[in-house]
Protein chains: 2
Amino acid sequence: MEFKEAKNKFIQTWGALGSQWGINKTMAQIHALLMVSPESLSMEDIMEELLISRGNASMNLRALMDWGIVYKEYKSGERKEFFTAEKDLDELAVKIAQERSKREIKPALKVLKDVSSIDTTKSAETKHFVEQTSKLYDFVLKADNMIDKVTEFKDNWIGRLVMKIMK
Amino acid sequence: MEFKEAKNKFIQTWGALGSQWGINKTMAQIHALLMVSPESLSMEDIMEELLISRGNASMNLRALMDWGIVYKEYKSGERKEFFTAEKDLDELAVKIAQERSKREIKPALKVLKDVSSIDTTKSAETKHFVEQTSKLYDFVLKADNMIDKVTEFKDNWIGRLVMKIMK
DNA sequence: AATAACTTTCAATTATTTTTGAAACTTTAA
DNA sequence: TTAAAGTTTCAAAAATAATTGAAAGTTATT
């Protein structure tokens, strides 16, 4: 396998993985492309490499910047904007986790809290419902708190110890 | 808010969350419904409650059973099949994680390994590519190993200690 | 072995999401 | 201040994914 083929395979795979996880294909592909580009790329470069339209590139670059995992760069003497990806993978993981927590988990938690707070003096069915949704609330809250803790966690000694134990 | 409204809100929210994470809406809704049902439900019950077709119910129940998070039950005297959800949340989380690992992460890892193994004696661009994809391979492998370890992890003492530290 | 009860399959339809492309907008340089 | 270079927006089109429903397939009962 030579470079061009490997690069394309990587971009396609990353795109497919993204769409299985609720991130749109182009967004994941742009990110993949920027990850393996030693130099920052212009919108033109990206459109050309991925064969996508200007609008598509613009919208997905905006989304990636909103997620905080792609940055704009200005080159002196150049008028256009260049883009580059967050390449520190720990940083990347934390940002993605935080963003998804904020957008998806936090709102779901609110609903779980609400629905698990209904008056339970009624039927057995209601009791079971409240029981289950309360458990779910606790569980999701715990999982979500772990995300919040990861940033600090990966820097302290016991964290590193545990990482080691987990291989 | 009374029971019926709460139940509906829960099912809708869980369905929406599912589709943001690459699980189809109906599949997540059926699971949600079974989670809060004290009794196991027939396909008929599920169709009626979620207003979906027989085919849809059948296919998504099959998928949930493939994931190992919904089980068939037979009631004596009844000819039809009843369904019930895994209600132990730790068990649920582990099964979902394992399933997604098997279906999505493992194949992606294979690709990462392949593309990061190309001949690096060529251009600087190639060197950078191999460097980045190798890092990614190590990172994803580590994350995936953590999933494999969670089952045992949650049962042993240091695991519980760390859980406590993480609040 | 025929029939009734129930489940699965899958081509066609419907719904949802993504992408395009051209117009509107913004910024910079002359 | 104008025109060129570049970017964003968004309605319409295309692509993708989910759903239906009826026919085919199974299994249990008489």
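A side-chain donor-acceptor contact under 3.5 Å links E73(A) and S40(A).
Among the nucleotides dT20(D), dA29(C), dT8(C), the one closest to any side-chain atom of R62(B) is dT8(C). For S53(A), taking side-chain heavy atoms from C-beta onward, the closest of the listed nucleotides dT9(D), dT8(C), dT19(C) is dT19(C). In the set dT7(D), dT8(C), dT20(D), the nucleotide with an atom closest to the side chain of M59(B) is dT20(D). Of the candidate nucleotides dT20(D), dT19(C), dT7(D), dT20(D) has the atom lying nearest to any side-chain atom of I52(B). Looking at the side chain of M43(A), the nearest of the listed nucleotides dT27(C), dT8(D), dT19(D) is dT8(D).
Counting non-hydrogen atoms under 4.0 angstrom, E81(A) reaches the backbone sugars and phosphates but no base. Within the 4.0 angstrom heavy-atom criterion, only backbone atoms of the sugar-phosphate kind lie near T26(B); the bases stay farther away.
One interatomic measurement links the two molecules: CE of M47(B) to P of dA22(D), which rounds to 12 Å at whole-angstrom precision. In this structure, N56(A) places its CG atom 13 Å from P of dA15(D), rounding to the nearest Å. Residue D45(A) contributes atom CG, which lies 11 Å from atom P of dT7(D) at whole-angstrom precision. Taking atom CD of residue E78(A) and atom C1' of nucleotide dA4(D), one finds them 16 Å apart after rounding to whole Å. Distance L61(A) CG to dT19(C) C1': 14 Å, rounded to the nearest Å. The separation between Y74(A) atom OH and dT7(D) atom P is 9 Å, rounded to whole Å. Rounded to a whole Å, the CD1 atom of I23(A) is 15 Å from the P atom of dT17(C). The nearest whole Å value for the distance from the CD1 atom in I30(B) to the P atom in dA18(D) is 13 Å.
The number of heavy-atom neighbours closer than 6.0 Å to NZ of K106(B), taken from other residues, nucleotides and ligands shown, is above 12.
No donor-acceptor pair closer than 3.5 Å links the side chain of D144(B) to the backbone N or O of L141(B).
Two residues, M27(B) and R79(A), neighbour DNA chain D, and the one matched to the more 5' nucleotide by heavy-atom proximity is R79(A). Across the interface with DNA chain D, nearest-nucleotide mapping of K25(A) and F82(A) shows F82(A) to be the residue nearer the 5′ end. Comparing G55(A) and N24(A) against DNA chain C, the residue whose closest nucleotide sits nearer the 5' end is N24(A).
A cation-pi contact, defined as under 6.0 Å to the ring centre and within 45° of the axis, is absent between R100(B) and W67(B).
Considering all non-hydrogen atoms of both residues, A28(B) and G15(B) come closest at CB-CA, 3.8 Å.
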